[in-house]
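Report on the structure given below.
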Amino acid sequence: MKALLVAGAMLLVAATAVQAADHQITIVNMKYSPARVSAKIGDTLTFVNKDTVTHEVYSSTPGYGFNLGDTKAGETTVMTLRQKGRFDVECGIHPNMPLRVSVK
């Protein structure tokens with residue numbers, strides 16, 4: 001019986017992992033691309049900085065505030081989505097770089 005429970009739990013974990021998606025957001029020409037992302041809880045956002053300058057990825061949307069810190073040229077930063085809703089992502093260094101994320 002214990003082996004059956006363990007096997008069932010492993011299948012549940014594997015099914016959850018398969019359902020998660022990675023959404024790549026390229027930072028290039030002082031913009032997030034795409035500028036809008038629709039995702040699900042458990043999905044990841046991968047920010048790839050293809051600019052020649054550093055960007056600070058953060059959100060000040062109430063209930064979603066975070067700061068992923070600096071993403072230098074050529075670097076990648078990843079975050080996992082943990083709650084439903086909608087929030088805006090910005091760059092703390094360059095204020096005109098909007099990204100809207102909707103999480104189902």
Side-chain angles (χ1 to χ4, degrees):
M1 183 67 158
K2 185 176 180 181
L4 185 58
L5 289 173
V6 170
M10 289 175 62
L11 284 173
L12 180 61
V13 169
T16 302
V18 170
Q19 293 175 352
D22 179 58
H23 304 272
Q24 185 169 330
I25 298 146
T26 303
I27 306 170
V28 65
N29 297 325
M30 307 297 274
K31 295 180 183 177
Y32 291 113
S33 180
R36 293 187 181 271
V37 173
S38 293
K40 296 179 182 176
I41 292 175
D43 287 359
T44 56
L45 301 180
T46 300
F47 296 89
V48 180
N49 187 353
K50 293 189 176 181
D51 265 342
T52 59
V53 298
T54 297
H55 293 285
E56 179 186 20
V57 179
Y58 85 99
S59 177
S60 60
T61 301
Y64 294 89
F66 62 84
N67 187 331
L68 301 180
D70 290 346
T71 303
K72 295 178 181 169
E75 289 185 346
T76 299
T77 302
V78 179
M79 71 174 290
T80 301
L81 301 169
R82 302 280 183 211
Q83 66 186 56
K84 292 181 183 181
R86 188 172 63 190
F87 61 93
D88 296 312
V89 177
E90 302 172 65
C91 173
I93 302 168
H94 310 101
N96 295 314
M97 293 179 53
L99 165 64
R100 169 70 50 99
V101 179
S102 298
V103 184
K104 298 178 184 178

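Quick note: residue numbers are just sequence positions, from 1.
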The reported gap from SG in C91 to NZ in K31 (rounded to nearest 0.5 angstrom) is 14.5 Å
In terms of hydrophobic clustering (I, L, V, M, F, W, Y; side-chain heavy atoms under 4.5 Å; direct or indirect links), are F66 and I41 co-clustered?
-> yes
How many angstroms lie between CG in L99 and CD in E90, if you round to the nearest 0.5 Å?
-> 10.0 Å
Atom NZ in K50, atom CD1 in I27: separation rounded to 0.5 Å?
-> 11.0 Å
I'd like a table of donor-acceptor pairs (distance under 3.5 Å, sequence neighbours excluded) in which one partner is a side-chain atom from residues 72-81, with atom names and distances.
{"unit_1": "E75", "atom_1": "OE1", "unit_2": "K72", "atom_2": "N", "d": "3.1"}
{"unit_1": "T77", "atom_1": "OG1", "unit_2": "T71", "atom_2": "OG1", "d": "2.6"}

Closest non-hydrogen atom pair, I25 against P34 = CG2-O, 4.3 Å
With distance as the sole test, does Q83 use its side chain to make a donor-acceptor pair with the main-chain N or O of G63 at under 3.5 Å?
-> yes
Answer yes or no: is there a side-chain heavy-atom contact under 4.5 Å between V101 and Y64?
-> no
From T26 atom OG1 to Y32 atom OH, the distance as rounded to the nearest 0.5 Å | 12.0 Å
D43 side chain to A21 backbone, donor-acceptor under 3.5 Å = yes
Those residues at least two apart in sequence (or on a different chain) that pass ring pair (Phe, Tyr, Trp, His ring centres under 6.0 Å) with H94 are H55
Calculate, to the nearest 0.5 Å, the distance between atoms CG and OG1 belonging to N29 and T52 respectively.
-> 9.5 Å
OG1/T54 to CG/D70 distance, rounded to the nearest 0.5 angstrom?
-> 6.0 Å
Is S102 reaching over with its side chain to a backbone N or O of R86, donor-acceptor style, under 3.5 angstrom?
-> no
Check G42 against A20 and note the closest heavy-atom contact, atom names and distance.
-> O-CB, 3.6 Å
Are T46 and D22 close enough, and set up right, to give a side-chain hydrogen bond (donor to acceptor under 3.5 Å, both in side chains), and what steps lead you there?
-> CA-CA 7 Å; T46 300; D22 179 58; 2.5 Å; yes
Please report the shortest heavy-atom distance between K40 and V103, naming the atom on each side.
-> C-CG1, 3.7 Å
Heavy-atom distance under 4.5 Å between the side chains of L45 and F47, does that happen here?
-> yes
Only one of N96, I93, D51 passes side chain to side chain contact (heavy atoms under 4.5 Å, CB included) with M30; say which it is.
-> D51
